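Remarks on the structure that follows.
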Amino acid sequence: MRLGKITSIKLLSAVIASFVIIVCCGIVGKRDLVSASDNIMYRYEMLHDQSKIDQKRDERDKARSDAAAAKEKADELSGQAGQLKGELAKLNKLSSEQYAQYEIISAQLAEALIAKADALDAYVEAQENLEDTKKTFSDRISVMFEYQNKSTLEILLESDSLAGFFTNMEIITLIADSDSQAVDMMTVALDDAQLKSDQALAEADSLEGVINEKQGQLSELEGRIGVTSDALEDVNTQLSYYEQQEDELNKLASSLDEEIAKLQAEAAAASTPKNGGGVNSGTSTPASSGGGGSGALSWPTWTTYVTSTYGYRTHPVYGTTKFHSGIDIGAGYGDAVMAAGSGTVIYVEEPCPGQNTGGSGYGNYVIIDHGNGLSTLYAHMRDVYVSNGQYVSCGECIGEVGSTGTSTGAHLHFEVRVNGSTVNPLDYLP
């Protein structure tokens with residue numbers, strides 16, 4: 001009898017202790033949720049300006065309309081080859097050199113207008129996505145607050161048994177976990193909208209200058225009709241915001257070449273990893289095929305959608321040639337980044353840990369040495385899970401996709417190097 005009483009007391013004490021813990025956790029959880037929700041809604045109100053969105057939408061539509069007219073004009077110039085009719089017939093009086101310049105500038109103007117419309121479209125799309133996410137967030141938070149308005153004591157009294165009480169608390173905990181994910185989703189939407197808004201508006205502004213310059217050049221040429229004179233000396237223009245960013249990344253990629261070769265040499269001289277394979281036990285370097293991938297490496301993300309390829313690209317507006325030192329893979333915020341092959345981490349840079357955006361250059365990035373001169377680089381990450389000197393296996397999660405550094409949205413910039421020099425990653429992927 002006495003033993004049963006002691007057991008009952010112990011059970012009651014355990015219930016009380018559990019009750020106190022749950023009450024405390026509930027209070028803390030509610031405070032955290034309220035604080036996060038208030039902060040998110042404040043950021044939303046600061047970022048989401050409906051009148052500005054409507055204005056930029058109108059600007060985008062006008063840019064598309066102007067682009068269609070400019071492209072039609074450019075196509076006529078290209079197709080008629082001096083047999084122009086109607087409004088453009090007067091251009092037949094231009095010298096051949098002036099006419100060639102006019103044709104080039106007209107095409108550049110059309111491309112600049114299209115690029116401006118695309119930039120504004122990215123801004124509008126980011127804001128619309130933010131609005132949709134905000135609605136979902138508000139609904140889920142409202143449900144959570146409804147549950148949390150009940151005290152733990154009320155839940156205990158309403159439960160038909162102790163087991164029922166813990167079941168109810170577990171359900172509320174699952175809801176809280178779900179809303180923690182909602183907070184993360186809303187934070188991602190805010191960060192992405194902020195990034196794309198800033199980037200897109202900066203690009204639209206820089207392209208506005210290009211558009212004005214091109215229109216001025218065309219007017220100047222039209223003013224020379226019937227006058228013997230040279231063509232414009234320079235049809236090129238200042239680099240746009242995106243072009244400047246691409247230059248920044250190219251400089252960083254070039255500066256890494258020697259550094260990576262040096263780090264690989266140090267890794268080769270380092271002690272053998274625990275698996276006994278040595279730093280050269282990773283993926284061996286295949287010959288560049290130039291065709292289909294060799295499959296020597298695995299895809300570093302769940303998606304194989306490439307948004308930007310490796311190699312030289314010519315800009316349609318500026319005629320400038322830029323080199324892209326890797327491939328961009330269209331993964332989303334928080335997606336797993338996996339080691340493309342087994343090897344040793346030889347470099348970790350994490351200036352903004354746990355952030356969706358921020359920093360410059362590659363942002364948060366990792367370099368893995370796979371042995372035999374082969375290395376891979378993973379850039380613009382949100383989180384990095386590995387550290388220098390750590391041995392990783394092929395397919396092991398090394399971090400999360402983000403948009404840190406010089407980046408216009410969530411993606412993974414993936415590079416492959418042989419003895420420090422970049423090669424086409426697609427030659428090594430299946």
Side-chain angles (χ1 to χ4, degrees), residues 242 245-257 259-261 264 282-316 320-333 335-347 361-381 392-430:
Y242 285 161
Q245 288 189 316
E246 196 164 358
D247 278 351
E248 179 185 341
L249 283 175
N250 286 337
K251 288 177 183 176
L252 178 56
S254 296
S255 70
L256 281 174
D257 289 353
E259 181 65 22
I260 289 175
Q264 284 180 300
T283 308
S284 60
T285 305
S288 180
S289 63
S294 67
L297 295 172
S298 298
W299 281 89
T301 60
W302 65 270
T303 179
T304 59
Y305 176 58
V306 176
T307 58
S308 186
T309 56
Y310 174 87
Y312 287 97
R313 298 170 293 181
T314 300
H315 197 285
T320 53
T321 300
K322 302 287 183 182
F323 183 76
H324 190 220
S325 57
I327 59 173
D328 291 340
I329 306 174
Y333 288 100
D335 285 351
V337 177
M338 298 164 285
S342 299
T344 303
V345 177
I346 56 173
Y347 193 82
Y362 283 147
N364 300 327
Y365 68 100
V366 173
I367 301 171
I368 299 174
D369 172 45
H370 303 286
N372 296 329
L374 184 68
S375 67
T376 51
L377 181 148
Y378 314 75
H380 306 310
M381 296 167 70
V392 294
S393 300
C394 181
E396 183 176 339
C397 184
I398 61 173
E400 297 176 12
V401 171
S403 187
T404 54
T406 306
S407 171
T408 57
H411 72 283
L412 179 70
H413 176 82
F414 178 64
E415 293 182 3
V416 176
R417 279 179 168 81
V418 175
N419 298 321
S421 299
T422 62
V423 293
N424 190 347
L426 294 179
D427 288 342
Y428 292 77
L429 295 170

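All residue numbers in this chain count up from 1 along the given sequence. Here the structure is a predicted model, which is why all the values come from computation and not from measurement.
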List the atom of Leu412, the atom of Met381, and the distance in Å for their closest heavy-atom pair. CD1-CG, 4.3 Å

Given Thr406, which of Glu246, His413, Glu248, Gln245 fulfils the side-chain hydrogen bond (donor to acceptor under 3.5 Å, both in side chains) condition? Glu248

Whether His324 side chain and Gly311 backbone form a donor-acceptor pair below 3.5 Å: no

Ring pair (Phe, Tyr, Trp, His ring centres under 6.0 Å) with Tyr347: which residues, sequence neighbours excluded? Tyr365

Just to verify, what does Asp335 make a side chain to side chain contact (heavy atoms under 4.5 Å, CB included) with, not counting sequence neighbours? Trp302, Ala331, Val401

Is there a side-chain contact between Ile398 and Val345, using heavy atoms and a 4.5 Å cut-off? no

Look only at the side chain of Ser393 and the backbone of Ser342, and say whether a donor-acceptor pair between them is shorter than 3.5 Å. no

Listed partners of Thr408 passing side chain to side chain donor-acceptor pair (under 3.5 Å), at least two apart: none

For Tyr362, what residues pass the side chain to side chain donor-acceptor pair (under 3.5 Å) criterion, not counting sequence neighbours? Glu415

By ring pair (Phe, Tyr, Trp, His ring centres under 6.0 Å), which residues pair with Tyr312, not counting sequence neighbours? Phe323

Among Ile367, Asn372, Asp369, find the one that has a side chain to side chain contact (heavy atoms under 4.5 Å, CB included) with Gln264. Asp369

Starting at CG of Leu252, measure out to OG of Ser325 and round the result to the nearest 0.5 Å. 8.5 Å

Keeping to residues at least two apart or across chains, list the salt bridge (charged side-chain N to carboxylate O under 4.0 Å, His left out) pairs with something in residues 397-407. Arg382-Glu400

Could you tell me if the side chain of Pro300 sits less than 4.5 Å from the side chain of Thr376, heavy atoms only? no

Partners of Asn250 by side chain to side chain donor-acceptor pair (under 3.5 Å), sequence neighbours excluded? none

Only one of Ile368, Val366, Thr344 clears side chain to side chain contact (heavy atoms under 4.5 Å, CB included) with Val392; which? Ile368

Can you name the residues that form a side chain to side chain donor-acceptor pair (under 3.5 Å) with Glu396, not counting sequence neighbours? none

Residues two or more places apart in sequence or in another chain: which of them pass side chain to side chain contact (heavy atoms under 4.5 Å, CB included) with Ser407? His380, Ser403, His411

Would you kindly say whether Thr422 and Tyr310 are connected by a side-chain donor-acceptor distance under 3.5 Å? yes

Atom pair CD1/CG of Ile260 and Asn419 - distance to nearest 0.5 Å: 11.5 Å

Taking all heavy atoms of Phe414 and all of Ala340, pick out the closest pair and write down the distance. CZ-CB, 3.8 Å

Going by side chain to side chain contact (heavy atoms under 4.5 Å, CB included), name the residues that satisfy it together with Thr304, two or more places apart in sequence or in a different chain. Trp299

Please report the closest heavy-atom contact between Leu429 and Ser298, naming both atoms and the distance. CD2-O, 3.4 Å

